[in-house]
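Structure first, commentary second.
Here, residue 1 is the first one in the sequence, and each next residue gets the next number. Note that the coordinates shown come from a computational prediction; the quantities given were computed from them, not determined experimentally.
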Amino acid sequence: MDANNTANVSATGNATNGSSLASSGILVATKEGIFIAYAALVALAIFPIIIGSIRSVAFLKQAKVSKKAGEEVDVISTKDAMMFPVFASGALLGLYIVFKALGEQYVNWLLNIYIFIFSSFALSRALDVILRPILSRIVPKRCFYFVLAEMPEEQHAQLRSHVYELTGATDAKSVRAKQFSDSSADKSEDSTPAASSSSEEKKTAEASTKAPEDPIVAESSMDYISLISLVVAFSFGTWYLFQKHWVANNVLAFSFAVNGIEMISLNKVQNGCILLGGLFFYDVFWVFGTDVMVTVAKSFNAPIKLVFPMDLLENGWFAKNFALLGLGDIVIPGVFVALLLRFDHSRGKGSRIYFLTCLFAYAVGLLTTIFIMHYFKHAQPALLYLVPACLGFPLLLALIRGELGRLFGYQDHEAEAAEKKKSN
C-alpha cells in the first residue's frame, strides 16, 4: 500500500492530541515534495524545542522568585509521571468513544473552540516576547487593570473616586455622590449627634476585633503591547477556526509547543525517565494493539499538530496533501530536552553538552521514524524511536563522563520536590 495515498499515522505520546507523523490526502506526492515536507517537519519540530528550552531557563528563575514570594510552584512529581500514561489512555479512549457515538463534525467543532482559545492565548504570549522590544518605544506605556473584588455596595463610589484620583481625572458622578453624602451626613449629625457618635464608636470597635479579609478575588493587568499581541493571536485563531489553513495551524501549534516546553517542569531526570518510559508503552499499545490511536488521529481536526504540504511545489498556498507531526511527539521529548538544558546551566561551566546531545538524539529518532514508516508502509508510534534515543544518548554520555549520579541528583525545585513527596 502506498503511504502517499493513505492516512498512515505514527501515533503521538499525548492522548489529547491523538495526532501523528503521517501522510494524508488522496493525491500522490512527488519524491521532491515528500523530501521537502519531511525536512520542513523535522525543522519545525526542532525549533520549538530549542526556543522552549531556552525560555524554560528564564521561566525557572521567575518560578523561584515567585516561590520565595510565597506563591505555589507547579512541577510534575514522580507520582504524576507514573499516572500520566494512565490518564492519557483514559482521555484517548474517551475521545474514541465520543467520535464513534456522536460523529466527527460536532465533536471537532467543540474541541476546536476549546483549543482555539488556549492556542490563541499561547500565541499571544509568544508574540508578546517578540513585539515588546520592537514596540516598547512607540506604544504608550499605559496599562489596563482588571480587578474582581467583593465589597459592601456603599464602598463602590469610594473605589471609583480613588481610581480617578490616581489617574488625575475628574469623576463628576462621584463628586455629586460625595456632595450628596456629605449633606446627608450633616443633617444626620445635627438631628442625633449622640446616636451618631455612638454608632461610629461601635463600628470602629467591631472593625478592630474582626480580622480583615482580602476582598480581591482575582486581578490581572494588560498593557497596550499585550493587547496588540492578543488581537493578532485571536486573528490567527479565527483564521484557522473558519479556514483551517495549514499556515494558521502551524502558527498556533508552534506557539502551543513552545509554551508547553517552557512551562512544564519535570523537576528531575528520574521523573523524565518514568514519564517517557510509560508513554513509550502507551504509544506502542494504542498503535499496534488497537485502532484507537489511528482513528482518533484521523478524526481529530485541530491545531495540535504541525503540518507541511507534500504538494507545495504544485499547489503552493492552496496545497491539500500534508505530512503531519503531532505535538505530543514534540512536547513530550521536548520537556526532557529542556530539563537537560537547565541541568547544563546548573553546572555553571558554559557547556551545553547534555542539551545538544539530547537534541541530536531527538533528530535521529525522528528521522528513524520517518524512514521506518516509509520502508514498511505502515503506521509507526513515533515514541517507539524517540524515547530510546532521547533517554539513551544523554544517559550513556553521563555514564562515560562519570556524571550519572550528578545527573539524577539534579532538581529544578528541591524544596518543592520534598513537599510533594511528603504529600504523596
Using a strict cut-off of less than 4.0 Å between a Lys/Arg side-chain nitrogen and an Asp/Glu carboxylate oxygen, indicate whether R347 and D344 qualify as a salt bridge. yes
Supply the atom-to-atom distance L359 CG to I50 CD1, rounded to the nearest 0.5 angstrom. 5.0 Å
Is there a donor-acceptor pair closer than 3.5 Å between any side-chain N or O of N321 and the backbone N or O of D311? no
Validate the cation-pi geometry between K305 and W246: distance from NZ or CZ to the six-membered ring centre under 6.0 Å, angle to the ring axis within 45°. no
Just so I know, are the side chains of F308 and L325 near enough to count as touching, which here means a heavy-atom distance under 4.5 Å? no
Determine, stepwise, if the pair T368 / I372 fulfils side chain to side chain contact (heavy atoms under 4.5 Å, CB included). CA-CA 6 Å; T368 303; I372 296 295; 4.1 Å; yes
Heavy-atom closest pair, residues L252 and G237: CD1-CA, 3.9 Å
Other residues, nucleotides and ligands only: do more than 12 of their heavy atoms fall within 6.0 Å of CZ on F288? yes
Minimum heavy-atom distance N249-V307, with the two atoms named: ND2-CG2, 3.8 Å
Shortest non-hydrogen contact from N301 toward Y240: OD1-OH, 3.6 Å
Given the rule in the side chain to side chain contact (heavy atoms under 4.5 Å, CB included) test, do K268 and L339 qualify, once you have shown the distances and angles that lead to the verdict? CA-CA 7 Å; K268 53 186 178 180; L339 176 65; 5.6 Å; no
Ignoring hydrogens and geometry, is there a side-chain-to-backbone donor-acceptor pair from N271 to I76 under 3.5 Å? yes
With rounding to the nearest 0.5 Å, note down the distance linking CG in L276 to CG in L386. 9.0 Å
Charged N to carboxylate O below 4.0 Å: is that the case for K141 and D223? no
Less than 6.0 angstrom separating the ring centers of Y224 and F144, yes or no? yes
Hey, is CZ on F336 packed in by over 12 heavy atoms from elsewhere, all under 6.0 Å? yes
Quick one: does S346's side chain have a donor or acceptor within less than 3.5 Å of a partner on F343's backbone? yes
Would you call R125-E262 a salt bridge at under 4.0 Å N-O? yes
When you compare the side chain of S265 with that of L60, does any pair of heavy atoms fall below 4.5 Å? no
Would K61 count as a cation-pi partner of F59, with NZ or CZ less than 6.0 Å from the six-membered ring centre and within 45° of the ring normal? no
Do H374 and Y38 have ring centres separated by under 6.0 Å? yes
What's the spacing between F408 CZ and E403 CD if we round to 0.5 Å? 13.0 Å
Partner of L266 under side chain to side chain contact (heavy atoms under 4.5 Å, CB included), picked from V75, D412, L275, is L275
Judged by atom type as modelled, is there a donor-acceptor pair below 3.5 Å linking the side chain of N108 to the main-chain atoms of S299? yes
Centroid-centroid under 6.0 Å between Y114 and F118 rings: yes
Name all residues meeting the side-chain contact (heavy atoms from CB on, under 4.5 Å) criterion together with S124; count only those two or more places apart in sequence or in a different chain, and write none if there are none. S229, L230, A233
F360 and F393 aromatic ring geometry - parallel, tilted or perpendicular at 30°/60° bounds: tilted
Contact summary for V335 and G260, nearest pair of heavy atoms: CG1-O, 4.0 Å
Would you give the length of the straight line joining atom CH2 of W239 to atom OG of S235, rounded to the nearest 0.5 angstrom? 11.0 Å
Suppose we call two aromatic rings close when their centres sit under 6.0 Å apart. Are F234 and F116 close by that rule? yes
For residues R55 and I261, determine if any side-chain heavy atom of one lies less than 4.5 Å from a side-chain heavy atom of the other. no
How close do L279 and P85 get, counting heavy atoms only, and between which atoms? N-CG, 4.0 Å
Ring-plane angle category for H245 and W317, please: parallel below 30°, perpendicular beyond 60°, tilted otherwise. tilted
For F280, what residues pass the ring-ring contact (aromatic ring centres under 6.0 Å, His included) criterion, not counting sequence neighbours? none
Could you tell me whether a side-chain N or O of D283 sits under 3.5 Å from a main-chain N or O of L383, the two making a donor and an acceptor? yes
Which value, rounded to the nearest 0.5 Å, describes the distance between I97 atom CD1 and L102 atom CG? 11.0 Å
How long is the straight-line distance from CG of L41 back to CG of L367, given to the nearest 0.5 Å? 11.0 Å
Would you indicate whether the side-chain heavy atoms of L366 and F371 approach each other to under 4.5 Å? no
Hey, are the side chains of F285 and P381 touching, using non-hydrogen atoms and a 4.5 Å cut-off? no
Between S56 and R342, is a side-chain hydrogen bond (donor to acceptor under 3.5 Å, both in side chains) present by the stated rule, with each step listed? CA-CA 8 Å; S56 75; R342 297 194 295 273; 3.1 Å; yes
If you take all heavy atoms of S226 and R132, which pair is closest and at what distance? OG-NH2, 3.2 Å
Using side-chain heavy atoms (C-beta onward) and a distance below 4.5 Å, is L92 in contact with Y282? yes
As a quick check of understanding, evaluate side chain to side chain contact (heavy atoms under 4.5 Å, CB included) for Q380 and I370, giving each step before the final call. CA-CA 9 Å; Q380 296 296 317; I370 295 172; over 6 Å; no
What's the verdict on side chain to side chain contact (heavy atoms under 4.5 Å, CB included) for V258 and F47, showing C-alpha distance, side-chain angles and the deciding distance? CA-CA 9 Å; V258 169; F47 282 144; over 6 Å; no
Evaluate the side-chain proximity of V387 to P333: yes if any heavy-atom separation is below 4.5 Å, no if none is. no
Under 4.5 Å between any side-chain heavy atoms of L324 and L306, yes or no? no
